[in-house]
Enquirer: 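Take this structure first; my questions come after.
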Amino acid sequence: MILDFTTAAYLSIALWASGTMLSVASKRAPALQRPATALNLGGSLVMIAFIALYWSALERPPLRTLGETRLWYAALIPLVGLLVEGRWKISWLKYYCMALASFFLTINLMHPEVFDKALMPALQSPWFVPHVVVYLVGYVLLAASSVSGWHNIFLTWRKNNTPQNDALAHYLALLGFVFLTFGLVFGALWAKDAWGNYWSWDPKETWAFIAWLIYLGYLHASSSRVDRLKLQWYLALAFLVLLVSWFGVNYLPTAPNSVHTYQQS
Amino acid sequence: MTAKGRTWFQAPWQYRESALTAITATAFGFAVQYTLKGTGIDMPQWPLNGVSLALLALATLTIALAFRRRPFVQWLGGIPLGLSLIIALALISFIGGMVPQGIEGSPLALRLGLHAVFSSWPFALIVGLFLLNIGLSLVWRTVPFNIGNLQFILFHGGFWLALACGVFGRSDLERLIVPVYEGRSSSHGMISGEGRELRRLPFSIHLHDFSIEEYPPEILLYDPAADRFIMDESQTMTEIRRGVALTWKGTRVEILDYLPSAMPGADGTPVAAPTAAGIPYAMVRITGTGAQPDTWISTGGPGMRPYAAEVGSRYLIMMPGSPKTYRSAVTIRGLDGSSREALLEVNKPVNFAGWKIYQMGYDEASGRFSTLSLLEAIRDPWLPAVYLGLFMILGGNALFFWNGIKRSGVER
Ligand code: HEM
């Protein structure tokens, strides 16, 4: 391949880091804003290019192992930060997003993934890509909402939070929930085709359901009159449950019973 | 949240009473489970399950319409109880996510139903309350109808349908394993699990041909001392092809020749053979550490032992490729004489007479040479209702997405 993972990862991290520095500097010199955004965007574009090359080298979508999904995560989450900045002029989110993306790439750099071309028959389905991509986008949005929740807690403590910040966390959670729901339902429809049953309380399914319920709980709490700071704590912590459903499941006592253990590493 | 100065159980009931209700229901469920010595709840089959569900729906409708103004009924169909139930269900599912399901465990855990939590009494009670809670709010938002409530109706109506039909219809699900050999027919299926009870199917399946396509074999360096495979320097699993070269620290392996299907000839040298009988062979050249004359290695197969090359204290081995696709060419014949030819593959079930027929497996010991195909016939008469519910949830979510953008409030 023209672009190997190590080079791509360092390049992306370097672009995000220099973009971040320019971005911070642009507070005093507004002319730097565009180049800063270009660099930040460049970091994600490098990752996207790598994913595309990797996809064609593997001859299957790189969505199978957790290491592979981390690549998508790293490419997409800074884009959410930039989108929020472009659309609503809220610029702090992107810093967290790029830090998180760099963190994911670092994990992959420390554990070079073994890639295996084989795609077991149950995974060869038109549902494979939509199911996983929808989940990824959901995770990205909910990670951002959690970050936003922590940020708001901090701001409240410093006594300079605004309703707009709360609304952002809420909006990200809402969008994330929509994607989570689609992911869950697509998963059920796929399971019916692959295993004959749309729901079998497999550990991975159970945890996906728990995470979905937790966010469902958030939606209902927020539409009833629950204290707004409590809601920020809820969002900030809810992501931990999502992390369990995402890769924590592999380490639980129930893991050996799962048909989803091919998603390891 | 809770109005100041309001005492417990003073109307209107709020989160305190809701949380208490959810906790009591769960505890009561566990008590029942314990008293019944761990016997979970068994849903009756059609038509009794249908009748029970219809009664539940009717009761919900009556309560919702006749007692709409009662504070207690409003509480029963309100968010505080809904939220408490959501959390309770999440906690019960948490047990299911932590405790391995469907296996033996400590007597206490078994008696409390912790190893079969999704058919336990606490689960059933919470689901029942769920249905009542959503059902009530659903009726109120639907009668009188207002298009502004569409999103709500799709969400909650969809969830009600999917959950109710999933839970009540579970007992009507039939799953039968149908083993068929090439050239033969079968019209019986086996219930999986103990007993292996045979059931007659309303059709017969004739297997013309079963075939497996495999990925190319992989070449690996095995370290017997550590019992693990060592990745080569490119960190990739390399499929065997002629001309491929791999390096492990100090050892280089080049594949000089590759025969996807061959058999040992008279002098031991493999010669190409038809796919039905042969196994893969590769001629490798090992240089550097462990260097030796060029040699053949192979995966082995039925009646043919595998050949590995010794490289120092390690072995260079060939692993058979994992199955890529397997399929059964079948003819399905109904009792009424109707028939259908089909190619069954994983992920591509075929419908026949209200059943879905799946490619499930094969005789794994024979692998590629299996003449046995394991099919599965599944009938789930409640599926359309569950799917309708799921699609309603998706529709509601699409609206939610759209409205969320319009109403987010993030915009100044
Ligand atoms: C399918 C997923 C669900 C979604 C996306 C959802 C979303 C919502 C939303 C957004 C509201 C506020 C409606 C509004 O103010 O216009 C609401 C209300 C409500 N939800 Fe859900 N909900 C779902 C499932 C559930 C479940 C499982 C329960 C039962 C435990 C439930 C019980 C309720 C109740 C009781 C209300 C208040 C009804 C009312 O005010 O008339 N919902 N839900």
Side-chain angles (χ1 to χ4, degrees), chain A residues 84 87-88 90 112-127 163-164 167-168 170-171 174-175 177-178 181-182 185 188-190 192-199 201 203 206-207 209-210 213-214 216-217 220-221 223-227 241 244-245 249 252-254 256-257, chain B residues 1 15 78-80 82-83 86-87 89-90 93-94 96-103 117-118 166 173 175 215 218 231 235-237 239 321-326 345-349 356 358-360 376 378 380 383 386-387 390-391 393-394 396-398 400-401 404-405 408-412:
Chain A
V84 165
R87 181 75 175 77
W88 295 290
I90 293 172
E113 295 301 324
V114 169
F115 58 95
D116 177 353
K117 274 192 169 181
L119 198 53
M120 60 187 270
L123 290 183
Q124 297 164 20
S125 158
W127 286 112
Q164 199 201 3
L168 177 69
H170 176 73
Y171 183 48
L174 188 157
L175 288 184
F177 175 80
V178 169
T181 310
F182 269 85
V185 173
L189 298 177
W190 179 8
K192 179 72 196 169
D193 269 1
W195 290 296
N197 212 338
Y198 52 86
W199 198 262
W201 295 110
T206 303
W207 275 99
F209 183 63
I210 296 172
L213 283 177
I214 293 294
L216 187 65
H220 288 87
S223 81
S224 121
R225 285 163 298 132
V226 170
D227 176 56
V241 180
V244 177
S245 111
V249 183
L252 294 178
T254 40
N257 301 3
Chain B
M1 290 214 298
Y15 279 99
I79 287 196
L83 181 55
I86 289 172
I87 301 296
L89 188 62
S93 305
F94 176 78
M98 293 302 287
V99 181
Q101 296 293 295
I103 61 160
V117 85
F118 298 109
L173 178 82
R175 276 188 94 124
Y215 285 103
E218 283 160 355
M231 286 292 128
Q235 293 287 341
T236 61
M237 292 273 229
E239 290 180 350
S322 45
K324 185 176 187 178
T325 41
Y326 40 99
E345 245 180 73
V346 176
N347 264 316
K348 290 178 192 151
K356 261 183 194 286
Y358 290 79
Q359 174 70 57
M360 183 185 163
E376 195 169 25
I378 300 180
D380 188 358
L383 189 68
V386 174
Y387 272 20
L390 293 182
F391 286 122
I393 293 177
L394 290 189
N397 264 285
F400 201 35
F401 186 76
I405 288 173
S408 70
V410 178
E411 287 132 289
R412 270 182 259 226

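We use all heavy atoms of the structure for the numbers below, so side chains are in, but hydrogens, waters and symmetry mates are not. In the text below, chain A, chain B and the rest are named by the order of the sequence lines, each starting its count at 1. Source: prediction; values computed, not measured.
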Enquirer: So how far is it from D380(B) CG to L173(B) CG, rounded to the nearest 0.5 Å?
Expert: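 Separation between the atoms: 5.0 Å.
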
Enquirer: Which atoms of Y358(B) are under 4.5 Å from chain A, going by heavy atoms: the side chain, the backbone, both sets, or neither?
Expert: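 Answer is side chain: those atoms of Y358(B) sit under 4.5 Å from chain A.
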
Enquirer: Are the side chains of L189(A) and Y387(B) in touch, meaning some heavy atoms are under 4.5 Å apart?
Expert: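 L189(A) reaches Y387(B) side chain to side chain.
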
Enquirer: Among T206(A), V178(A), V84(A), which residue has the highest count of heavy-atom pairs closer than 4.5 Å to chain B?
Expert: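 Most heavy-atom pairs under 4.5 Å with chain B: V178(A).
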
Enquirer: Tell me whether K348(B) at atom NZ has more than 12 heavy atoms from other residues, nucleotides or ligands lying less than 6.0 Å away.
Expert: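 Result for NZ/K348(B): open.
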
Enquirer: Hey, what do you get for CD1 (I86(B)) to CD1 (I214(A)), rounding to the nearest 0.5 Å?
Expert: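 That separation rounds to 9.5 Å.
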
Enquirer: Between E345(B), R175(B), Q359(B), which shows the greatest number of heavy-atom pairs under 4.5 Å with chain A?
Expert: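 Counting heavy-atom pairs under 4.5 Å, the top option is R175(B).
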
Enquirer: Answer yes if the ring centres of F94(B) and W207(A) are under 6.0 angstrom apart, and no otherwise.
Expert: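 Judged by ring-centre distance (under 6.0 Å), F94(B) and W207(A) do meet the cut-off.
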
Enquirer: Give, for atom CE of M360(B) and atom CD1 of I378(B), the distance between the pair rounded to the nearest 0.5 Å.
Expert: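 Interatomic distance, M360(B) CE to I378(B) CD1, rounded to 0.5 Å: 8.5 Å.
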
Enquirer: Counting only heavy atoms closer than 4.5 Å, note whether L89(B) contacts chain A via side chain, backbone, both or neither.
Expert: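 Contact with chain A involves both backbone and side-chain atoms of L89(B).
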
Enquirer: Is F182(A) close to chain B through its backbone or its side chain, or both, or neither, when contacts mean heavy atoms under 4.5 Å?
Expert: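 Contact with chain B involves both backbone and side-chain atoms of F182(A).
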
Enquirer: Please rank G97(B), A90(B), G96(B), P349(B) by heavy-atom pairs under 4.5 Å with chain A and give me the top one.
Expert: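 Going by pairs under 4.5 Å, I would pick G97(B).
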
Enquirer: What part of V99(B) gets closer than 4.5 Å to chain A, counting heavy atoms only: side chain, backbone, both or neither?
Expert: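 The answer is the backbone of V99(B).
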
Enquirer: Taking S224(A), A188(A), G196(A), A221(A) one by one, which has the highest count of heavy-atom pairs under 4.5 Å against chain B?
Expert: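 The residue among S224(A), A188(A), G196(A), A221(A) with the greatest pair count is G196(A).
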
